[in-house]
Student: 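I have a structure I would like to understand better, so I am pasting it below and will then ask my questions one at a time.
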Protein chains: 2
Amino acid sequence: MFNRFIKVASDLVTTHDQIRAGFLSIALEKNRVSDPYVKNALAFKTMVQGTNDPEDFLNMPKIRPFLLTASGLSDKAMQHLRDNDQTAAIKELIEKFLKPAGENYVDEVIYRYLLIKGDAVGGVMRNRIGVIGQEKLIRAILSCINVRGINYSWMKNNKQHNWLYGENNDIDIEKEIKALHWMNKNGSRILIFNMKVPVVKKNIDICLFDGKSEEFNRGKIVQKINKAIMFGELKGGIDPAGADEHWKTANTALDRIRESFNKVNHPVMTSFVGAAIENSMAVEIFSQLQNKKLTNAANLTNSNQLTEYCNWLLDI
Amino acid sequence: MFNRFIKVASDLVTTHDQIRAGFLSIALEKNRVSDPYVKNALAFKTMVQGTNDPEDFLNMPKIRPFLLTASGLSDKAMQHLRDNDQTAAIKELIEKFLKPAGENYVDEVIYRYLLIKGDAVGGVMRNRIGVIGQEKLIRAILSCINVRGINYSWMKNNKQHNWLYGENNDIDIEKEIKALHWMNKNGSRILIFNMKVPVVKKNIDICLFDGKSEEFNRGKIVQKINKAIMFGELKGGIDPAGADEHWKTANTALDRIRESFNKVNHPVMTSFVGAAIENSMAVEIFSQLQNKKLTNAANLTNSNQLTEYCNWLLDI
DNA sequence: TATACTCGAGTGA
DNA sequence: GTCACTCGAGTAT
């Protein structure tokens, strides 16, 4: 059996309480992320004291980035635009919105800046939520390692590429772990997070290789097809409305992994860990587990399933 | 051959110019969508004139929705929270951010409201972009119909379910079309957009059925397995960074369609139309076209490919 | 540096 | 109510 705590498909489904908790923590974090933009707006308000007309903004090169945002351009959009597109956007902002606002033109430009940056805050948040999911998984793995008294080493998420000896008082190291190494009954194991795997030509969240610590070789182990053991997709988001959407993405990603490794005659195991699992996708996941398309799975918000998944990961 | 204008994979790739144009039109539209929120903020500012302290807000029930937003809660999040969660969020907003802001507490609450609503503006925009993509496809189909002098009828996107005779001066009807009907050499055809198909248990963007207009039967034709001809996924977004992400989603969606109809022994054709197509996914799409997993495809921003796709749709 | 990762803000059937 | 659609705001490798 793949996971003792997944006996029927519905065991995979996320509870309402977990969803509520997830959205609450998003709101808290969003307030922190918002802070600098509030400050920017206040600073802008000070900087443009003394102007009498929105046209005056055009003579203040320092506020161009602020105006570009206020004119509706995300940083992402700007990468695809030319300088004159951007200047045109600012002029349109002034003509269409700031001049009609009359004496309220300062509020108008600040309000528009904040609306556009609010979308940016959303983007930053989504990345954070993903990182937090990864940290939660790593923390769970470390807990299993510690409970079982397994010796391990870990590598930081920087360019040093040196293994650090795993201590028992390893508080908060999940925030800086790129890779883990340990031994099990089958041999030496290296687990890497978020790595581009050349055979697939794609990034993969969870990558398990057979290899001694020195075989990590500055990340080059990902090129050794024969060392690959298991790959997993991790989805840390809690939104039930996004659950099926992101499972569809993960499903294609996992298919690409299987196909790429089958093509080089080295089939690998695959797994899925998700925080937002709804009924209909749970049925698909469970069915893939039964027919062994998927080797293992867990709901990230279910500590039993997660522990079971981590122990399996440590043992294969 | 599937499409005369797709001879090699790279023919599918979106040009830089189209990407630029897409982001420019997003910025324009975003400014329009932002407008009401700017007005809300100005209205709030007026309403709270006369308050001296953020605590005063607690006695103004009318501004509770505004405060909820300012406290970091999206409308989506609120669906998953209880009343006391929401009240707690407002109290935290006041204690943690508004009181520390001192006499600037009104600006602070307005700025936070706008940042959170900015994320909402992003959400509204994404839905609009999707709708605009659908309208672009429908317009292209109508153009082909008109150029070829095909008689057609169409049904509005409402509960009436009556067929309207297609005129040649059909300006802007793409905005209200739910379904189209016409005849071709193979029989009577009904094309429905954005319908849940029971066999798949999922919504599908483009649904082509064999059926006389009366067989539409208030949408019940989607239950007639034998009437199904072709299903397509449409992705109207322009962002190249999202291209592979959304193609992965579409790919699983198309797989579900094929599997569901194969299971009931009625294989159907499938197709993909996308505005953001990058090289690597173009290779996958082209390969699926060659091995006939995918029956046809087009880049929504390439009018040759799109016209070819629409004519194919009218003829199958 | 090209490429593809993070996920929920909306919406509607 | 339930479910799953829209897509780009960021980010990183």
Side-chain angles (χ1 to χ4, degrees), chain A residues 22-23 26 30 33 74-77 79 116-134 157 178 193-197 200-205 219 222 233-250 253 274-276 278-281, chain B residues 22-23 26 30 33 74-77 79 116-134 157 178 193-197 200-205 219 222 233-250 253 274-276 278-281:
Chain A
F23 276 107
I26 289 173
K30 196 153 35 176
V33 174
S74 67
D75 290 0
K76 176 184 266 191
Q79 296 169 358
I116 302 304
K117 279 303 182 196
D119 209 352
V121 169
V124 172
M125 279 305 303
R126 282 157 208 157
N127 286 307
R128 291 218 176 176
I129 291 162
V131 169
I132 291 167
Q134 178 178 317
N157 200 348
K178 181 67 183 182
F193 301 96
N194 241 310
M195 272 295 267
K196 178 163 179 175
V197 177
V200 192
K201 297 191 200 123
K202 297 286 182 278
N203 270 50
I204 307 176
D205 300 324
V222 295
E233 284 289 310
L234 172 65
K235 295 288 173 195
I238 196 63
D239 174 28
D244 190 70
E245 180 84 357
H246 304 318
W247 158 244
K248 281 184 289 193
T249 312
E278 293 290 284
N279 233 313
S280 138
M281 61 179 275
Chain B
F23 276 107
I26 289 173
K30 197 155 31 177
V33 174
S74 67
D75 290 358
K76 176 185 268 193
Q79 294 169 358
I116 302 305
K117 280 303 182 196
D119 209 353
V121 169
V124 172
M125 279 304 302
R126 285 163 204 152
N127 285 310
R128 289 217 178 179
I129 291 163
V131 169
I132 291 167
Q134 178 178 317
N157 200 349
K178 181 67 183 180
F193 301 96
N194 241 311
M195 270 298 264
K196 178 164 180 173
V197 176
V200 192
K201 298 192 200 119
K202 297 285 181 278
N203 270 50
I204 308 176
D205 300 324
V222 295
E233 285 290 309
L234 172 65
K235 296 287 173 194
I238 196 61
D239 174 27
D244 191 68
E245 180 84 359
H246 304 317
W247 158 243
K248 280 183 290 194
T249 311
E278 293 291 282
N279 233 311
S280 140
M281 60 179 275

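Naming convention: chains lettered A, B, ... in sequence-line order (proteins, then strands); numbering from 1 in each chain.
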Student: Just to be sure I understand the rule, does A/A241 reach a base, reach only the sugar-phosphate, or reach nothing, if contact means heavy atoms closer than 4.0 Å?
Tutor: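 If one applies the 4.0 Å heavy-atom cut-off, A/A241 turns out to touch a base.
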Student: How many Å lie between CD1 on A/I129 and P on D/dG8, as a whole number?
Tutor: 19 Å
Student: Between B/K235 and D/dT6, is there a side-chain N or O to OP1/OP2 distance below 4.0 Å?
Tutor: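 Checking B/K235 against D/dT6: at least one side-chain N or O falls below 4.0 Å of OP1 or OP2.
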Student: If you assign each of A/G123 and B/N194 to its closest nucleotide in DNA chain D, which residue comes earlier from the 5' end?
Tutor: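 Upstream on the strand: B/N194.
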Student: To the nearest angstrom, how far is B/D205 atom CG from D/dC5 atom P?
Tutor: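 From B/D205 CG to D/dC5 P: 9 Å.
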Student: Which residue lies toward the 5' end of DNA chain D, B/G242 or A/P240, if each is placed at its nearest nucleotide?
Tutor: A/P240
Student: Any side-chain N or O of A/K196 less than 4.0 Å from the OP1 or OP2 oxygen of C/dT3?
Tutor: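 Looking at the OP1 and OP2 atoms of C/dT3, neither is under 4.0 Å from any side-chain N or O of A/K196.
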Student: Taking the side chain of B/K76 as its heavy atoms from C-beta onward, which of C/dA9, C/dA13, D/dG8 lies nearest to it?
Tutor: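 Among C/dA9, C/dA13, D/dG8, the one nearest the side chain of B/K76 is C/dA9.
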Student: Between atom CG of A/N157 and atom CG of A/N194, what is the distance when rounded to the nearest 0.5 Å?
Tutor: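 Rounded to the nearest 0.5 Å, the CG-CG separation comes out at 8.0 Å.
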Student: Rounded off to whole Å, could you give me the CD1-to-P distance for the B/I238 and D/dG8 pair?
Tutor: 8 Å
Student: Give one of base, sugar-phosphate or nothing for A/I204, where a contact means two heavy atoms less than 4.0 Å apart.
Tutor: nothing
Student: Atom NE2 in A/H246, atom CD in B/E245: separation rounded to 0.5 Å?
Tutor: 7.5 Å
Student: Could you check which of C/dG8, D/dT6, C/dG10 has an atom nearest any side-chain atom of B/E233?
Tutor: D/dT6
Student: Judged by each residue's nearest nucleotide on DNA chain C, which is more toward the 5′ side, B/N203 or B/D75?
Tutor: B/D75
Student: Using 0.5 Å steps for rounding, measure from the CD1 atom of B/I116 to the NZ atom of A/K30.
Tutor: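 Going from the CD1 atom of B/I116 to the NZ atom of A/K30 covers 5.0 Å.
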Student: Using a 4.0 Å heavy-atom cut-off, does B/N279 contact any base of the nucleic acid, only the sugar-phosphate backbone, or nothing at all?
Tutor: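 Contact class for B/N279: none.
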Student: If you round to the nearest 0.5 Å, how far is CD of B/Q79 from CZ of A/F23?
Tutor: 8.0 Å
Student: For B/M195 and C/dA13, give me the distance from atom CE to atom P, rounded to whole Å.
Tutor: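 My rounded result for the distance is 10 Å.
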Student: Rounded to the nearest Å, what distance is computed from the CD1 atom of residue A/I132 to the C1' atom of nucleotide C/dT6?
Tutor: 11 Å
Student: Mind checking if A/K178 touches a base, just sugar-phosphate, or nothing, with heavy atoms under 4.0 Å?
Tutor: sugar-phosphate
Student: Kindly say whether, by distance alone, the side chain of A/E245 makes a donor-acceptor pair under 3.5 Å with the base of D/dC3?
Tutor: no
Student: Measure the CD1-CD1 distance between A/I132 and A/I238 for me, rounded to the nearest 0.5 Å.
Tutor: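 Result: 12.0 Å between the selected atoms.
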Student: By nearest atom, which of the nucleotides D/dC7, D/dT13, C/dA9 is closest to the B/H246 side chain?
Tutor: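 Ranking D/dC7, D/dT13, C/dA9 by closest atom to the B/H246 side chain puts D/dC7 first.
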Student: Please work out if A/K30 contacts a base, only the sugar-phosphate, or nothing of the nucleic acid, heavy-atom cut-off 4.0 Å.
Tutor: sugar-phosphate
Student: Does one side chain, of A/S280 or B/K202, offer a donor that lies under 3.5 Å from an acceptor on the other?
Tutor: yes
Student: Under 4.0 Å between a side-chain N or O of B/K248 and OP1 or OP2 of C/dC5?
Tutor: yes
Student: On DNA chain C, compare the nucleotides closest to B/D244 and A/G236; which residue's is nearer the 5' end?
Tutor: B/D244
Student: Report the nucleotide, chosen from D/dG10, D/dC3, D/dT13, that has the shortest atom-to-atom distance to any side-chain atom of A/A120.
Tutor: D/dG10
Student: On the nucleotide C/dT3, are OP1 or OP2 found under 4.0 Å from the side-chain N or O atoms that B/S280 carries?
Tutor: no
Student: What's the CD-P distance between A/Q134 and D/dT11, to the nearest Å?
Tutor: 17 Å
Student: Look at all strands and tell whether A/F23 reaches a base, only sugar-phosphate, or nothing, counting heavy atoms closer than 4.0 Å.
Tutor: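 Touches sugar-phosphate only.
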Student: Check every atom of C/dA9, D/dT11, D/dT6 against the side chain of A/N127 and return the nucleotide holding the closest atom.
Tutor: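 Looking only at heavy atoms from C-beta outward on A/N127, the closest nucleotide is D/dT11.
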Student: Could a donor-acceptor pair under 3.5 angstrom be found where the side chain of B/K202 meets the base of D/dA4?
Tutor: no
Student: Give the nucleotide from the list C/dC7, C/dG8, C/dA13 with an atom nearest to the side chain of A/D239.
Tutor: C/dG8
Student: Rounding to an integer number of Å, can you tell me how far A/F193 CZ sits from D/dA12 P?
Tutor: 17 Å
Student: Is there a salt bridge (charged side-chain N to carboxylate O under 4.0 Å, His left out) between A/D119 and B/R126? Walk through the geometry before answering.
Tutor: CA-CA 11 Å; A/D119 209 352; B/R126 285 163 204 152; 3.0 Å; yes
Student: Whole Å only: how far is the CD atom of A/E278 from the P atom of D/dT2?
Tutor: 10 Å
